[in-house]
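Letters A, B, ... mirror the listed sequences (proteins, then strands); counts begin at 1.
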There are 2 protein chains.
Amino acid sequence: MPNDNAVIAPQDCADCPIRHRAVCARCEADELDALEQIKYYRSFEAGQTVVWAGDRMDFVGSVVSGIATLTQAMEDGRTQMVGLLLPSDFVGRPGRDGAAYDVVATTDLVMCCFRKQPFEKMMVSTPHISHRLLEMTLDELDAAREWMLVLGRKTAREKIASLLSIVARRDATLKLDTVDGPLVFDLPLTREAMADYLGLTLETVSRQISALKRDGVIHLEGKRHVTVPDFSRLMEEAGDDSDGGMLA
Amino acid sequence: MPNDNAVIAPQDCADCPIRHRAVCARCEADELDALEQIKYYRSFEAGQTVVWAGDRMDFVGSVVSGIATLTQAMEDGRTQMVGLLLPSDFVGRPGRDGAAYDVVATTDLVMCCFRKQPFEKMMVSTPHISHRLLEMTLDELDAAREWMLVLGRKTAREKIASLLSIVARRDATLKLDTVDGPLVFDLPLTREAMADYLGLTLETVSRQISALKRDGVIHLEGKRHVTVPDFSRLMEEAGDDSDGGMLA
DNA sequence: CGCGTCTCTTGATCTGCATCAAAGCAGAAT
DNA sequence: ATTCTGCTTTGATGCAGATCAAGAGACGCG
């Protein structure tokens, strides 16, 4: 329930910066009103855990700003990141009680949440919300399976290039300036988090980033600010189709 | 369209051996009738490709008997299996036109298919089918993410043990004889297919299976027939929680 | 300012798995 | 039987990435 000190001032759904991809994308005015009733915003500081794997999760929602990660852990401490949540991404498992993974804010984070019980009730009466959720879940499944190829078959250098191209692409679509010029963005992850995502060690991540820089595939300003002079070159390094097209 | 020579004699939905997990699990009599109208069965021989990645896929359906795999490939030939379809598993992407991965029959295979267009129409009017699909998709997502941990962080020996325990568990629940005694089953995959699933080479798979046999974790009769004397030992080898519980 | 903490880089060495190579084995065809 | 073919095992060697170790920047704080 929203008796949490992380709950912050409400916003209007129409103002919601992520409305174009989120649950309410196709809602009519009266449905938006209903959603308003069960909606609240929460904010988290970098490093805070949003939910622990196995905990009861009483909401679903989307990331408004900031970055969160989904992580799985083994008892001996080995961890694997299984999802990266950027603004507009959805979190939560309608119809499931517990969280399956740790959800951690890696930067300061604002989330737009819906209380789960009433949300599920709305799903029943509002079929296009169900359909939207199925669509989003299929997207996530595609992304997870694409990542299985990265984890299982790509070299360290290809892994890094794959991650950079995903972040770059997401960043570009958010900014909606799909120019063909150089892409510029800030890495939202530490070397360690990248290693967790890629199934590598942080040393290997650092070395491969240095190598990509040395070879002119990317430029670095400081440790996080990345410039990609030629995106198709990066895609090539990632071992993906060179045509840079979004996957169907 | 079902003008394929692989189409085989129709069966009644009530006889469908997989009805308990399939789409029609909660359907009323009249809904089952409607499903009957758009249903057909297809059979494939071991090695046949069911659909190619990118091809138009005009059906959704479930595996009735046999095994199929979902595989992703890079241009240079490296491949990664991203899903293993056992009897009762669902295939297809409602709302999507193309197949995202190659679907290949690794044994002789029978599938229960529904024509996609009318099936999607039914989804709109029959909400519990949508809900069932969302549930199944979430299950697949969980499985894919669990597999990301296997691919990213486990050793070769742990990978093999993980695969064996998954197959053993699925086999046991199908037979519904959840005795605590030794588990016995046949490996439905070649060493090469196992390697593809696990992100290893077939030589490493073979070596690790030999090692598990040498260490008494499993017994082998021939190349495929496996006996697991102590399932919790296998789970331990897989690096999972020892309590053998299904994940929530 | 110096100090501690965090993140990142780089070097040296080790090792698990890939790669290359050669047989063994079982079922099918001749 | 014999040969073929597909699957599997086992051995020898090499290498990508892990591990161990040492600093280098950047930043906040007393």
| task | Can you tell me the distance, in whole Å, between the CD atom of A:Glu221 and the P atom of C:dC8? | result | 17 Å

| said: Which residues pass the side-chain hydrogen bond (donor to acceptor under 3.5 Å, both in side chains) test with A:Arg207, not counting sequence neighbours? | reply: none

| request: Please work out if B:Arg224 contacts a base, only the sugar-phosphate, or nothing of the nucleic acid, heavy-atom cut-off 4.0 Å. | output: sugar-phosphate

| said: Before you tell me yes or no, could you show the steps for B:Glu140 and A:Arg145 under salt bridge (Lys or Arg N to Asp or Glu O under 4.0 Å), namely the whole-Å CA-CA distance, both residues' side-chain angles and the distance that decides it to 0.1 Å? | reply: CA-CA 10 Å; B:Glu140 285 188 83; A:Arg145 286 177 163 163; 3.0 Å; yes

| message | Using a 6.0 Å cut-off, check whether atom CD of A:Glu203 has over 12 heavy atoms from anything other than its own residue. | response | yes

| Pairing residues for A:Tyr197 by the ring-ring contact (aromatic ring centres under 6.0 Å, His included) criterion, not counting sequence neighbours | A:Trp147

| query | B:Thr204: what forms a side-chain hydrogen bond (donor to acceptor under 3.5 Å, both in side chains) with it, not counting sequence neighbours? | reply | B:Thr201

| Under 6.0 Å from the six-membered ring centre of B:Phe59 and within 45° of its axis: does the NZ or CZ of B:Arg42 meet both? | yes

| field | Residues within residues 211-219 of chain A bordering DNA chain C, heavy-atom distance below 4.0 Å | value | none

| request: Report the residues that fulfil side-chain hydrogen bond (donor to acceptor under 3.5 Å, both in side chains) with B:Thr79, sequence neighbours left out, ordered by chain and then residue number. | output: B:Asp196

| note | Whichever of A:Lys223 and A:Lys154 has the more 5' nearest nucleotide on DNA chain D, that residue is A:Lys154

| message | Please list, in numerical order, the residues of residues 196-205 of chain B that have a heavy atom closer than 4.0 Å to any atom of DNA chain D. | response | B:Leu202, B:Glu203

| What about B:Arg207: does its side chain form a donor-acceptor pair under 3.5 Å with the base of C:dT19? | yes

| query | Think B:Thr190 has a side-chain N or O under 4.0 angstrom from the OP1 or OP2 of D:dG6? | reply | no

| Are any of the side-chain nitrogens in A:Lys154 or A:Asp240 under 4.0 Å away from the carboxylate oxygens of its partner? | yes

